[in-house]
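None of these values were measured; they are calculated from a predicted model.
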Protein chains: 2
Amino acid sequence: MNDIANKSLSNSQRALQELRRMIFAGELAGGTDHLESELAERLGMSRTPIREAALTLENQGLLELRPRKGVRILPVSAADMREIYEVLTALESQAAEQAALMGYDEEALRHLAQAIGDMDLAIESEDLEAWAEADNRFHAELVRLGNNNRVNAIFNMMNDQVRRARMTTLFIRPVPTKSNADHRAVYDAIRQGDDDTARRRHREHRQHAKEILIGLLEKHRLNHL
Amino acid sequence: MNDIANKSLSNSQRALQELRRMIFAGELAGGTDHLESELAERLGMSRTPIREAALTLENQGLLELRPRKGVRILPVSAADMREIYEVLTALESQAAEQAALMGYDEEALRHLAQAIGDMDLAIESEDLEAWAEADNRFHAELVRLGNNNRVNAIFNMMNDQVRRARMTTLFIRPVPTKSNADHRAVYDAIRQGDDDTARRRHREHRQHAKEILIGLLEKHRLNHL
DNA sequence: GCATTCATTAATGCATACGCAAATAAATGC
DNA sequence: GCATTTATTTGCGTATGCATTAATGAATGC
């Protein structure tokens, strides 16, 4: 984010966040190969911290270490997106259910309500980027309320990969005017402690989103992003 | 497994599988700290491959790298087990649903049926270890049939941690005579392509297992394993 | 002209070395 | 005797160098 914050980070950590950034920014495009030494030079450090960062990113499914071919930035295919959405559907539904069981009061659900409100505004002003940001905020907050660190961690990993695809798909997708009805229904169910409805409603919401996305990807022949 | 196979592995890979084994065998107990250099010496290699393996294991949630304190083997608490079971419940249910949608024939479900049969036999002969092995085989096969690499990968990670707890809990838990009825119901639903039933039934099965386990852990004050 | 073998190149996997910062012990002041 | 400062130790983060081994190109045989 800023240089001062970076000063306190180790080189491994800087490498990690820089490589992530480069991947998401498309500077390291999906499907391309890069030598460790090349990346090391580019980030102004030795191969050691680069390797450590690459190891981590490999575990997170963003790239692959292929001996003598360099690190390969993994492309995200339509099939990958299906897998990712299935994981997200399963885990977020679980989070919605758990959130409903937690008995949160209105104050605790403030961020969730805020995100829904922001999406309304974004749709009115037809600001797709603002909508995507608020939508993501809603889902992240929902998962947080689910009160399960592991679900949270996996969500973040998968979400990273979705973000890569979203850049592309956001602008070819229909304005999601309907989806906020789902969000509200999930919110209400959580507020009322109705875990069954929360889970089921969110599940349908995500499943629907998946079908739209996969449909778009296939229609536009976007097989790797 | 054997020396010959190990010869062809890199030191990093050997370190990875050795450290895993030591953790699961209890040689590196939960909550204990170990210096990188100590582990390096113990495995007869330098710190570099040890660090790489430790990085991976940290990502997988088995240990934690704490500067100057060594790698800390993470204990698995009752709260952790709750989290893990929630993830497994969500993902396996998704896998059951997807498996039902795949339209597998009897042959494709052979391993699943085999595992169920083995559990029957194990219960008859009261062989808890054999039962646990077959049970695990059933769940792993179910996930495989779910046809989602990411679900598979996460399942394996979570399952690793469950295995650590199972060593302890297996012998204080009641003989699971009833659970095979669930397994059969899930099998039938998949065989008949009834995705809704497969998902719901498996979800209930897992949820039940979770409640039993958590109950046991709390009753026996097993807060960290 | 094509396949096969050999030589060359180059990138990795790993060992090693070292500076730095944190933790611990020692010493000093009060 | 306690607190605070200073010295010492120790483990980690990272750079560097080298042996290994795969990939590439050259050369030889057919």
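Counting only distance, with no hydrogens or angles, the side chain of A:Y187 and the backbone of A:A113 share no donor-acceptor pair below 3.5 Å.
Taking CZ of A:R82 as the reference point, atom CG of A:L213 lies at 12.5 Å (rounded to 0.5 Å).
Remark on DNA chain D: of its neighbouring residues A:G44 and B:E36, the 5'-side contact belongs to B:E36, judged by nearest-heavy-atom nucleotide.
Using a 4.0 Å heavy-atom distance criterion, A:R51 is classed as a sugar-phosphate-only contact.
In the 5' to 3' direction, nucleotides of DNA chain C lying under 4.0 Å from heavy atoms of chain A begin and end at C:dA10 to C:dG13.
When rounded to the nearest whole Å, the span between CG of A:L16 and P of D:dG13 equals 14 Å. Between the C1' atom of D:dT14 and the CD atom of A:E52 lies a distance of 9 Å, rounded to the nearest Å. Rounded to whole Å, atom P of D:dT16 lies 12 Å from atom CG of A:N11. Taking atom CG on B:L35 and atom P on D:dT9, their separation rounds to 18 Å, with Å as the unit. For the pair B:E64 CD and D:dC12 C1', the computed distance is 16 Å after rounding to whole Å. The interatomic distance linking B:R68 (CZ) with D:dG13 (C1') rounds to 9 Å, in whole Å. Taking atom CG of B:L65 as the reference point, atom C1' of D:dG11 lies 12 Å away to the nearest angstrom. Between B:R66 atom CZ and D:dG13 atom P the separation is 13 Å, expressed in whole Å.
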* Carefully, step by step, assess A:M158 and B:I154 under the rule side chain to side chain contact (heavy atoms under 4.5 Å, CB included). => CA-CA 11 Å; A:M158 297 291 144; B:I154 301 168; 4.0 Å; yes
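Contact between the side-chain N/O atoms of A:S12 and the OP1/OP2 oxygens of D:dT14 is found at a separation under 4.0 Å.
By the 4.5 Å heavy-atom criterion applied to side chains, A:M45 and A:I50 are counted as neighbours.
Ring to ring, B:H202 and B:H205 are close: their centroids are under 6.0 angstrom apart.
Ion pairing of A:R137 with A:E133 is present here, as a side-chain N (NZ or NE/NH1/NH2) and a carboxylate O approach within less than 4.0 Å.
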In a table with atom names and distances, give each donor-acceptor pair under 3.5 Å that connects a side chain of residues 146-153 of chain B to protein atoms at least two apart or in another chain.
unit_1: B:N148; atom_1: OD1; unit_2: B:R150; atom_2: N; d: 3.0
unit_1: B:N148; atom_1: OD1; unit_2: B:V151; atom_2: N; d: 3.0
unit_1: B:N148; atom_1: ND2; unit_2: A:E83; atom_2: O; d: 3.2
unit_1: B:N148; atom_1: ND2; unit_2: A:E86; atom_2: OE1; d: 3.0
unit_1: B:N149; atom_1: ND2; unit_2: A:E83; atom_2: OE2; d: 3.4
unit_1: B:R150; atom_1: NH1; unit_2: A:D80; atom_2: OD1; d: 3.1
unit_1: B:R150; atom_1: NH1; unit_2: A:E83; atom_2: OE1; d: 3.0

